[in-house]
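The block underneath contains the structure these notes are about, expressed in C-alpha cells.
Heavy atoms only: backbone and side chains are in, while hydrogens, waters and symmetry mates are out. Position 1 is the first residue of the sequence, and the numbers go up from there.
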Amino acid sequence: PERITALRTGAIAAGLAGPPDAKVLRQEGLKSLLDLTVLGDQAMINVAFASERWMRENEAAVQAFVNAMIEAVHFAKTHREFTERVISQYARIDDPETLADAYDYYILRNMPRVGWPSIDDARRFLESQAATDPRAVGAQAEDFFDLRFIERAVSSGLLERLYGSQ
C-alpha cells in the first residue's frame, strides 16, 4: 500500500503496519514504535452488522452465522498448514518465514476464540464524539450491540466441544 511505500521512502515518519509488511519493514531497518495488540484492549474492527428487524425475523440464521464464525476461528487455530495456504493465496505471501509470522500474528495472537464486541471501546468512541455529534450525547454503547447470539453459542457448550478443556 501507499503507506508502506511512504515509510520506505521517508515521505512519512511513522505509520501503522501489520504482517507481512511489519516483518519486511523491520528487515529494512525500520523500528517498531508500538504494538497495539499487546495493550490488552479490544478493538472495534471487523464487526458484523445486521438490522434489528432482520435478526428478529432470522434468528436461526444469525445463530448459525455466529456459531460458524466461532467454528471457523477454531479451524484456523487448529489447522495451521491449511490456514497458511489460504493466507498465502489471498495475501500473496510466498516466503515461509513471512507466512509463519502472519499466521502467528493474526491467528494465534490476535484472533480470540469468541469475537466479543468491545462495549468499552464503543463507550470511549461515543465519548470522543460527544463534542461534535449531539447524537452521541447520552447514547448508551450497549444499545448498539446484540450479544444474545454469542451468549447462546457460549452457553450451548460450543467452545467446550471445539476446544475441550483447553
Please check if the side chain of [X] supplies one atom and the backbone of [Y] the other of a donor-acceptor pair under 3.5 Å.
X: Tyr103; Y: Ala76; result: yes
X: Asn58; Y: Trp54; result: yes
X: Gln129; Y: Ala136; result: no
X: Arg8; Y: Arg3; result: no

Under 6.0 Å from the ring centre and within 45 degrees of the ring axis: does the NZ or CZ of Arg109 meet both conditions for the six-membered ring of Tyr105?
no

May I ask you to check whether over 12 heavy atoms, not counting those of [X], lie within 6.0 Å of atom [atom1]?
X: Glu57; atom1: CD; result: yes
X: Phe82; atom1: CZ; result: no
X: Glu52; atom1: CD; result: no

With side chains defined as the heavy atoms from C-beta onward, is the minimum distance between [X] and [Y] less than 4.5 Å?
X: Met69; Y: Phe149; answer: no
X: Ser156; Y: Arg161; answer: yes
X: Glu28; Y: Leu7; answer: no

State whether a side-chain donor-acceptor pair under 3.5 Å links Glu71 with Asn67.
no

Kindly compute the distance separating [atom1] ([X]) from [atom2] ([Y]), expressed to the nearest 0.5 Å.
X: Leu25; Y: Lys23; atom1: CG; atom2: NZ; answer: 11.5 Å
X: Phe75; Y: Thr83; atom1: CZ; atom2: OG1; answer: 6.0 Å
X: Asp101; Y: Tyr106; atom1: CG; atom2: OH; answer: 9.5 Å

Going by side-chain hydrogen bond (donor to acceptor under 3.5 Å, both in side chains), name the residues that satisfy it together with Gln140, two or more places apart in sequence or in a different chain.
none

Can you list everything that forms a side-chain contact (heavy atoms from CB on, under 4.5 Å) with Met111? Sequence neighbours excluded, please.
Val73, Lys77, Ile107

Taking only residues two or more places apart in sequence or in another chain, which ones pass side-chain contact (heavy atoms from CB on, under 4.5 Å) with Thr9?
Thr5, Ala11

Minimum-distance pair of heavy atoms, taken over all atoms of [X] and [Y]:
X: Thr98; Y: Pro20; answer: CG2-CB, 3.2 Å
X: Gly115; Y: Ile150; answer: O-CD1, 3.6 Å
X: Ala50; Y: Met55; answer: CB-CG, 3.8 Å
X: Val66; Y: Ala153; answer: CG1-CB, 4.4 Å
X: Ile70; Y: Leu158; answer: CG2-CD2, 3.9 Å

By ring pair (Phe, Tyr, Trp, His ring centres under 6.0 Å) - contacts of Tyr163 (at least two apart):
His74

Enumerate donor-acceptor pairs with a distance under 3.5 Å from any side-chain N or O in residues 85-92 to protein atoms, sequence neighbours excluded.
from, atom 1, to, atom 2, distance (Å)
Arg85, NH1, Glu81, OE2, 3.3
Ser88, OG, Ile93, O, 2.6

List the atom pairs, donor and acceptor, that lie under 3.5 Å between side-chain atoms in residues 141-148 and the rest of the protein, sequence neighbours left out.
from, atom 1, to, atom 2, distance (Å)
Glu142, OE2, Arg123, NH2, 2.3
Asp146, OD1, Arg148, N, 3.2
Asp146, OD1, Arg148, NE, 2.9
Asp146, OD2, Arg148, NE, 2.8
Asp146, OD2, Arg148, NH2, 3.0
Arg148, NH1, Glu59, OE2, 3.0

Checking Val154 against Arg113 for the side chain to side chain contact (heavy atoms under 4.5 Å, CB included) test, could you report, in this order, the C-alpha distance in whole Å, the side-chain angles of both residues, the deciding distance, and whether it holds?
CA-CA 10 Å; Val154 171; Arg113 291 178 177 184; over 6 Å; no

Should Asp21 and Arg26 count as an ion pair when the cut-off is N to O under 4.0 Å?
no

